[in-house]
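Written below as structure tokens is the structure these notes are about.
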Amino acid sequence: MATRLSGPPAAEALLAQTARRAAALATPPHLVIVRVGEDPASVSYVRGKAKKAGEIGLRGTVHALPDTTPQAELLALIAGLNADPGVHGILVQLPLPGHIDPAPVLEAIDPNKDVDGFHPVNVGRLWTGQPALSPCTPAGIMALLAHYEVQVAGKVVVIVGRSTLVGRPLAALMLGADATVTLAHSRTRDLAAVTRGADVLVVAVGRAGLITPDMVRPGAVVVDVGINRVLDDAGKAHLTGDVHPDVSQVAGALTPVPGGVGPMTVAQLMANTVQAAERQADRRAAPIPGVLGEHAH
Ligand code: NAD
């Protein structure tokens, strides 16, 4: 039976460390979350993130805008937040309403305040090995593996799913940690042959039961990122991952869904906010003119 890599203890450890770092700063790190419209999942995610910030000594502010908000108005709000030295992290909750193009909105955020790590400058910094704000789910996966002392250096890591949210940035983080990385996706030929080669298998697809026991090398570490809403025999909805439950008979260690990667994502957002605040404080103490992304203030 696979060891259970439970998210909450790892998330608590990351939050405790983050709270200590926050307390060492002159002012509490301030995270501003912008939500446009009333998508029920977004409303709940945003509330959860702001609440968690308050619990660990950060400031969390939510700007909730109507779903008719023009793109220009959203861009003006972001410009104001960028210029405000009292704001350290800015997160625009996705998805945005259909009339707003997400790319220019994400690119409008100051890369040094981009706590979701989606700005192309942060993507570039991540892939070139420079200090970067990294997307929260993949960075949270690295923190989860570190918490359970799962080594990735020199290991074969196979990631299934190539989204800009999870798979691609996780590939960059794994490369940075000296893993040998394969990124598989919907067009991969003979997926089972690829996944069987993994010492560490990460699955971020969004398809319940995609990974079956025959696709996993005995003893492998399996990280299940998928979140799927399925109906049981009684017609009751519950959450399940991308990994079939029988994989626990083969794997050496496995993250559960729910209660695995999920809690790490919010904890990592708090860590990113503190990281952004620390770097902004350092830059104000010792400004280096001309450095990429340097603030005017
Ligand atoms: P996405 O839809 O953007 O990407 C899915 C990826 O899976 C694509 O790259 C696609 O090529 C690949 N894929 C699709 N079908 C496949 C198949 N049959 N075989 C192999 N690859 C296939 O999804 P995403 O945003 O990366 O999210 C993936 C899953 O992770 C979803 O279930 C999402 O809910 C979950 N998720 C969880 C968290 C968390 O905090 N736990 C965070 C983000 C996403």
Side-chain angles (χ1 to χ4, degrees), residues 4-12 14-15 33 39-42 44-49 52 91-96 102-103 106 115-118 123 126 134-145 147 157-174 181-198 201-212 214-216 222-231 237-244 247 254-272:
R4 189 181 153 95
L5 303 179
S6 177
E12 284 310 318
L14 179 56
L15 287 168
I33 307 174
D39 172 61
S42 294
S44 136
Y45 288 151
V46 166
R47 194 184 296 130
K49 291 168 184 176
K52 188 59 76 184
L91 182 156
V92 176
Q93 182 67 40
L94 300 176
L96 290 166
L106 297 179
V115 286
D116 252 345
F118 295 154
V123 177
L126 174 62
S134 309
C136 298
T137 298
I141 291 169
M142 300 304 287
L144 179 83
L145 293 175
H147 179 82
V157 174
V158 176
I159 302 163
V160 189
R162 57 175 159 182
S163 72
T164 53
L165 189 68
V166 187
R168 286 174 204 229
L170 182 61
L173 289 168
M174 288 287 186
V181 180
T182 299
L183 204 43
H185 47 78
S186 55
R187 303 293 298 273
T188 295
R189 221 178 330 121
D190 198 355
L191 181 64
V194 175
T195 58
R196 272 197 298 267
L201 175 62
V202 184
V203 191
V205 172
R207 192 179 284 207
L210 174 74
I211 301 298
T212 46
D214 58 301
M215 300 170 79
V216 177
V222 180
V223 177
D224 190 354
V225 189
I227 301 176
N228 307 291
R229 206 169 286 277
V230 295
L231 296 178
H238 64 109
L239 294 182
T240 181
D242 291 345
V243 175
H244 192 280
V247 167
L254 177 63
T255 64
V257 177
V261 172
M264 296 307 292
T265 299
V266 177
Q268 186 63 47
L269 172 64
M270 302 306 133
N272 280 6

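Just so you know, these numbers come straight off a predicted model, no measurement behind them. Order of listing sets the numbers, starting from 1, for every ligand and every atom in it. Just so you know, residue 1 is the first one in the sequence shown, and it goes up from there.
- The nearest heavy-atom contact from the protein to atom 19 (N) of ligand 1 is Leu191 CD2, 3.9 Å.
- The heavy-atom pair separating Ala143 from Gln268 by the smallest distance is CB-OE1, 4.1 Å.
- Counting only heavy atoms of the protein, atom 17 (C) of ligand 1 lies nearest to Ser186 CA, 4.1 Å.
- The heavy atom nearest to atom 3 (O) of ligand 1, considering only Ala204, Ala208, Ser163, Gly140, is found in Ser163.
- Residues Leu239 and Arg229 are in side-chain contact: their nearest non-hydrogen atoms beyond the backbone lie under 4.5 Å apart.
- Scanning the protein heavy atoms around atom 33 (C) of ligand 1, the nearest turns out to be Ile227 N, 4.2 Å.
- The single protein non-hydrogen atom nearest to atom 29 (C) of ligand 1 is Gly206 N, 3.7 Å, given as residue, atom name and distance.
- Per-residue contacts place Thr265 under 4.0 angstrom from the following atoms of ligand 1 (heavy atoms of the residue considered): 39 (C), 40 (O).
- Taking only non-hydrogen atoms, the option from Arg229, Met264, Arg168, Arg162 nearest to atom 9 (O) of ligand 1 is Arg162.
- Proximity of a side-chain donor or acceptor of Asp116 to a complementary backbone N or O of Cys136 within less than 3.5 Å is not detected.
- Of the candidates Asn228, Leu165, Val225, Val225 brings a heavy atom nearest to atom 37 (C) of ligand 1.
- Atoms of ligand 1 lying under 4.0 Å from at least one heavy atom of Gly262, given by number and element, are 40 (O), 41 (N).
- Heavy-atom minimum distance, Leu191 versus Ala184: CD1-CB, 3.7 Å.
- Closest non-hydrogen pair, Met264 versus Ala11, comes out as SD-N, 3.4 Å.
- Gly117 approaches Val123 most closely through the heavy-atom pair O-CG2, 4.0 Å.
- Of the candidates Val205, Thr240, Val261, Asp224, Val205 brings a heavy atom nearest to atom 23 (O) of ligand 1.
- If you number the atoms of ligand 1 from 1 as listed, the ones under 4.0 Å from a heavy atom of Val160 come out as 20 (C), 21 (N).
- If you run side chain to side chain contact (heavy atoms under 4.5 Å, CB included) between Asp242 and each of Ile227, Val203, Val202, only Val203 comes through.
- There is no protein heavy atom closer than 4.0 angstrom to atom 27 (O) of ligand 1.
- The protein heavy atom nearest to atom 44 (C) of ligand 1 is Val166 CG2, 4.0 Å.
- How far OG of Ser44 is from NZ of Lys49: 9.5 Å, rounded to the nearest 0.5 Å.
- For the side chain to side chain contact (heavy atoms under 4.5 Å, CB included) with Asp224, the lone residue among Val247, Val243, Val261 that qualifies is Val243.
- Scanning the protein heavy atoms around atom 42 (C) of ligand 1, the nearest turns out to be Thr137 OG1, 3.2 Å.
- Under a 4.0 angstrom heavy-atom cut-off, Thr188 registers as lying outside contact with ligand 1.
- Annotation for Ala171 and Leu183: closest pair CB-CD2, 4.1 Å, computed over non-hydrogen atoms.
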